[in-house]
Protein chains: 2
Amino acid sequence: MKSPNSISAATLKRLPLYLSYLKTLPKDRTVNISATAISAALSLNAVQVRKDLAAVGKGGRPKIGYLTEELVFDIENCMGCKDLSYAALVGAGNLGKALLSCDDFGQYGLNISVAFDKSENNIGATVNNKHILSADKLEDMCKHMNIRIGIITVPSYEAQGVCDKLIRAGVVEIWNFTSVKLKVPQKVMVLDEHIGSSLPLLFNHKIENN
Amino acid sequence: MKSPNSISAATLKRLPLYLSYLKTLPKDRTVNISATAISAALSLNAVQVRKDLAAVGKGGRPKIGYLTEELVFDIENCMGCKDLSYAALVGAGNLGKALLSCDDFGQYGLNISVAFDKSENNIGATVNNKHILSADKLEDMCKHMNIRIGIITVPSYEAQGVCDKLIRAGVVEIWNFTSVKLKVPQKVMVLDEHIGSSLPLLFNHKIENN
DNA sequence: TAGATTGTTAATCGATTAACAATC
DNA sequence: TAGATTGTTAATCGATTAACAATC
């Protein structure tokens with residue numbers, strides 16, 4: 001069994017891609033899958049796919065490919081899906097609710113256990129079976145539930161405050177959806193999800209004449 | 001004035017970061033800003049920042065730094081903010097509404113002009129002053145409004161269909177929030193926003209003892 | 001067998017970082 | 001002047017891709 005730590009960041013980021021593709025395959029009709037097929041479906045280089053798969057799994061067989069089921073198992077294992085990570089989401093606005101509703105994350109091993117909000121309109125509500133509690137209860141609840149991951153979907157000006165609260169409650173990984181650069185102690189990891197940071201690529205698209 | 005086409009993808013992706021940082025600075029008190037200061041604030045390498053800024057602007061002055069205002073202008077120019085890009089959003093669920101509500105995109109030059117949805121609950125509503133229209137009107141309206149960018153926030157199984165419709169309506173750039181690999185003609189550019197693709201990085205975070 | 005496929009080694013490419021001269 | 005800063009050149013690093021042998 002491979003140690004995820006030895007896997008490059010670039011490869012790690014492609015794992016969810018592979019996983020969700022493999023899950024779209026009809027289980028009975030695709031016992032085996034080739035790197036060639038995967039690369040074609042995802043518009044990736046075939047050698048790259050093979051290298052990625054070599055990094056996470058036990059390898060395939062020439063002419064036949066990989067055992068689909070085994071591959072799914074290995075990818076999930078490397079991604080860290082095996083032991084579910086429990087997360088708390090703070091800020092149940094539209095974006096927060098969108099994340100609460102997204103069942104794909106469960107596939108990746110992320111379990112958003114609870115959400116917090118300040119607004120009376122949201123407190124007490126349920127989204128996708130997840131309860132929205134008063135932000136006052138954040139520290140107590142997170143400690144009590146042993147939450148490791150915090151998801152920040154509040155307005156920018158509240159982000160650092162919420163971040164500090166989460167850390168006091170024992171959170172060591174933060175998924176940050178605001179544009180604020182969060183200040184955290186060294187042991188805490190922040191993953192910035194800058195939606196829109198790739199927009200310049202879109203704007204700079206020029207149509208080549210055909 | 002630099003041609004955006006000569007700027008690397010890595011640099012382009014950092015431009016929004018610089019821009020939003022520069023906009024947080026008090027206008028009167030920071031006529032000049034150094035690459036050193038920017039790099040410290042954003043936890044980037046100082047040389048990298050200087051190279052990025054060299055690629056977009058006319059350069060700074062030793063000991064003094066860059067003219068903040070000029071820098072903002074140059075970055076906006078390179079990102080393509082100058083001529084607003086008009087976009088249509090399809091799928092006004094929670095994620096769609098979150099994007100409609102997000103005013104930051106305007107700063108980046110993206111103007112979501114109109115939204116479409118199938119659900120009677122949403123049709124006719126307004127989010128952040130943007131109208132949600134019936135999906136039936138998609139093709140006519142997009143043609144009529146001369147929309148170039150389509151944003152897809154529908155469920156996965158509807159993604160390809162919506163994509164085809166958008167392209168028929170003249171859209172040439174697509175911002176795709178589903179996990180589906182869209183099939184498009186060569187002249188159309190797809191930007192995949194795979195929220196969650198970096199989660200494996202978060203899961204693989206091990207706390208070093210301190 | 002022939003051909004499709006894997007996996008490895010080497011080459012290429014692009015991006016980051018280090019070193020340092022030039023400037024105000 | 002001294003020191004902070006820019007900008008460039010060279011070195012390093014990491015990721016992608018090409019070439020090819022091994023395998024079923």
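All figures in this text were calculated on a predicted structure; none of them were measured in a lab. By convention in this document, chain letters (A, B, ...) are assigned in the order of the sequence lines, proteins followed by strands, and residues within each chain are numbered from 1.
- Between the side chain of A:K51 and the base of C:dT6, no donor-acceptor pair under 3.5 Å is found.
- With a cut-off of 3.5 Å on both Watson-Crick or G-U wobble distances, the partner of D:dT8 is given as C:dA19.
- Between B:R14 and the phosphate of C:dA15, there is no side-chain N or O to OP1/OP2 separation shorter than 4.0 Å.
- Relative to the side chain of B:A10, the nucleotides C:dT17, C:dT16, D:dT23 differ in distance, and C:dT16 lies closest.
- With rounding to whole Å, B:I64 atom CD1 is found 15 Å from D:dG7 atom C1'.
- Toward the 5′ end of DNA chain D lies the nearest nucleotide of B:V47, the other residue of the pair A:Q48 and B:V47 mapping further downstream.
- Other residues, nucleotides and ligands contribute over 12 non-hydrogen atoms within 6.0 Å of the NZ atom of A:K165.
- Using a 4.0 Å heavy-atom distance criterion, A:A35 is classed as a sugar-phosphate-only contact.
- A salt bridge between A:K118 and A:E158 is present, with a side-chain N of the basic residue lying under 4.0 Å from a carboxylate O of the acidic one.
- Between B:T11 and C:dT16 there is no side-chain polar atom (N or O) within less than 4.0 angstrom of OP1 or OP2.
- Rounding to whole angstrom units, CZ of residue B:R50 and P of C:dA21 are separated by 15 Å.
- Set against C:dC24, C:dT6, D:dT6, the side chain of B:S34 has D:dT6 as its closest nucleotide.
- In this structure, A:R61 and A:L44 both approach DNA chain D, and ranking their closest nucleotides by distance from the 5' end singles out A:L44.
- The interatomic distance linking B:D52 (CG) with C:dT17 (P) rounds to 11 Å, in whole Å.
- C:dT16 atom C1' lies 15 Å from atom NZ of B:K13, rounded to whole Å.
- Salt bridge status for B:R168 with B:E139: present, with a side-chain N to carboxylate O gap under 4.0 Å.
- When the side-chain nitrogen and oxygen atoms of A:S8 are compared with OP1 and OP2 of D:dT16, none of them lie within a distance under 4.0 Å.
- Pairing for D:dG14 is with C:dC13, a Watson-Crick or G-U wobble pair whose two hydrogen-bonding atom distances lie under 3.5 Å.
- As a whole-Å value, the separation of B:L67 CG from D:dT5 P is 16 Å.
- Following rounding to the nearest Å, B:N45 (CG) and D:dC13 (C1') show an atom-to-atom distance of 13 Å.
- With C:dT6, C:dG3, D:dA15 as the candidates, the nucleotide lying closest to the side chain of A:K63 is C:dG3.
- Distance, A:K58 NZ to C:dG7 C1': 17 Å, rounded to whole Å.
- The separation between B:Y66 atom OH and D:dA4 atom C1' is 13 Å, rounded to whole Å.
- Within the 4.5 Å cutoff, no side-chain heavy atoms of A:I38 are placed close to those of A:S34.
- A distance of 5.0 Å separates CG of B:D192 from CG of B:N176, quoted to the nearest 0.5 Å.
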